[in-house]
Amino acid sequence: MKRPIPRVIRRYSSPMLTKRKRLELLELARRAARARDLYMRDYWSPKFFTRIVGPPNVLVEERRSRGWAAADLSPHQNKVCMESALGMLRAHWGNAISTARRELMSDERLTAQEKGVALGLLKSPNALGACLLGIRREIGPGDRLSKRVRRAVLEARGSMPRARQRAWFDLDCNLYRPFVRGDDRYFRGAWIAVTGLTPGRRIKIPLAGNGIDEFASRTHHAASRPNVRVELKDRVVFQVLTHVSARQPSGNLAAGLDKGYKTLVTVTTGRPEDAVGYGVAASELIDAVTQSAEKRLRGRRRLASYERSMRNTAPSKARRLRRHNLRARRASRAAARDRATLRQQVDTVLNRVFREHAQVSSLIVEDLRFRGTSSARSLNRRLARWLKGYLHERLMYKAELNGVELKVVSAAYTSQTCPGCWFASANNRNGDKFQCASCGYTGSADAVAATNILRRESDPVITQFTPHAVVRQILEERWRSARNGRAWGSNSEVSGSDAVSTFDLGQSREQRRGSRSQTTIRRRSVNAAARPLVENATSG
């Protein structure tokens, strides 16, 4: 039986919320942020790792006996702030361990045995806690691997996360009370009373919409009401976490999904010709939003220049321009509207993908992480609004909601590799068009990438953690084998004559050092053989 899937339900405050109540909520959010920061600083040290990932109530009860950090909040508000801080630390440690795992599994200097020991360290909280503290233990290859794991985790962890600009705080069942007031003089409907900073007095906030079913107890006891996160934006947002059951797919197919450029996503269940692109309107919307944002930026810069020129001659007019036209809140609201529009398109496209592929039980996606590039300014601005992080986050949620297993594979050269002859080159792709410089195959670049992603899931050699250089060597060997008359399939095993020596990740460093020189000579010969083909295809 599958576990329930978390889902967030949002309720907004009514536009009739007074300024005084909003300021009280804002002050409460500021004090809660300071309290969370204090608790994060207290438990940031690696010596608390084992206790943070353990039962959450242990540290809270110890802190209760020692005394709370924030004197300007009630004991119960301190408890909730500390639980929020511990949750943030737990998530931060989890992200650091995932990043360190990807780095260690992709390290060519580690053997297969060393990678297995490192993976065991990362999976054991007690062993990893001792490793982070520098406690020496006899683990497999020795203390060197323990130091390597410790360095990888601490580097991936980085510095302590800074507090976000948005104001928010958490409430448990004892810090709020929902009710409906049908005979109120000013507002008849749903309300929520939040414990504020004044003892014995709650802040009563009117809600948009009818009913308070979102805040209802699941067991009909007030002590089991769900926790609520209050976020202060243009309107106050109350986020309630609920759980829903996952749907079951009607088939057992596997599909490859590529996060395209001209289309939002491209999905295929087999050949590139069977691929279907989704989100062409979303891609056009990204262009429109990008152009609109650039136009607003140019206008804002012209207005700022005009305001600077009037500071001495007309200071009152310059002051009005700063107050009404150049405030940061005005620009942030426009950017928030753009993000909301694009996110709505992403959700619409993903809903359509899972609705039209109801027989797909496993979805293969690429492990795509953007890094700083030297692309053109217009392309960088477009990529900044591409919402790839949000797209991947919603893709994970939608897949879990529809009972689809999400598998991640390496993204190396998926959009530059010919699906017919395995020739990989940057010259194969020109925008959204693909033309192989070796065999002349033509098609959509997004469809080719989706097909290669689907094949990577069953590839016995190229894994998610295979380094890009090794992937390139594997593709070169397959292309050369195809030229010699031995066609390669994605499920084909590597033969002894064509296998690249660096495939064997279990060999020693001395063997790999000698094999790398042989691989370099072999790669140069492959490039020399491929150069005339590329030149002839380019000239033709």
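We're numbering straight along the sequence, starting at 1. Values below: every heavy atom of this structure, side chains too, minus hydrogens, waters and symmetry copies.
- Applying the 6.0 Å contact sphere to CZ of Arg90 captures more than 12 heavy atoms from other residues, nucleotides or ligands.
- Within the structure, no pair that satisfies the salt bridge (Lys or Arg N to Asp or Glu O under 4.0 Å) test touches residues 119-128, not counting sequence neighbours.
- Checked against side chain to side chain contact (heavy atoms under 4.5 Å, CB included), Ala255 has the following partners two or more places apart in sequence or in another chain: Val267, Thr269, Val360, Leu363.
- For Glu356, the salt bridge (Lys or Arg N to Asp or Glu O under 4.0 Å) criterion is met by Arg352, not counting sequence neighbours.
- Not counting sequence neighbours, Ser106 has no partner by the side chain to side chain donor-acceptor pair (under 3.5 Å) test.
- Applying the side chain to side chain donor-acceptor pair (under 3.5 Å) criterion to Thr242, with sequence neighbours excluded, gives no partner residue.
- Within the 3.5 Å criterion, the main-chain N or O of Ser13 finds a donor-acceptor partner in the side chain of Arg235.
- Listed by chain and number, the residues in a side chain to side chain contact (heavy atoms under 4.5 Å, CB included) with Asn402 are Arg247, Phe354, Lys398, Val404 (sequence neighbours excluded).
- Crowding of Phe465 atom CZ: a count of heavy atoms from other residues, nucleotides or ligands under 6.0 Å exceeding 12.
- A search for side chain to side chain donor-acceptor pair (under 3.5 Å) contacts involving Asp347 returns Tyr390, Arg394, not counting sequence neighbours.
- Among pairs with a residue in residues 92-112, those fulfilling ring-ring contact (aromatic ring centres under 6.0 Å, His included) read Trp44-His92, Phe49-Trp93, at least two apart in sequence or across chains.
- The minimum heavy-atom distance between Arg225 and Tyr176, with the atom names listed, is NH2-O, 2.7 Å.
- With sequence neighbours excluded, the residues forming a side chain to side chain contact (heavy atoms under 4.5 Å, CB included) with Thr348 are Gln344, listed by chain and number.
- Judged as a salt bridge (Lys or Arg N to Asp or Glu O under 4.0 Å), the pairs with a partner in residues 406-420 (not counting sequence neighbours) are, in order, Lys407-Glu457.
- Contacts of Arg10 classified as salt bridge (Lys or Arg N to Asp or Glu O under 4.0 Å), with partners at least two apart in sequence or in another chain: none.
- Considering only residues two or more places apart in sequence or on other chains, Ser415 meets the side chain to side chain donor-acceptor pair (under 3.5 Å) condition with Arg429.
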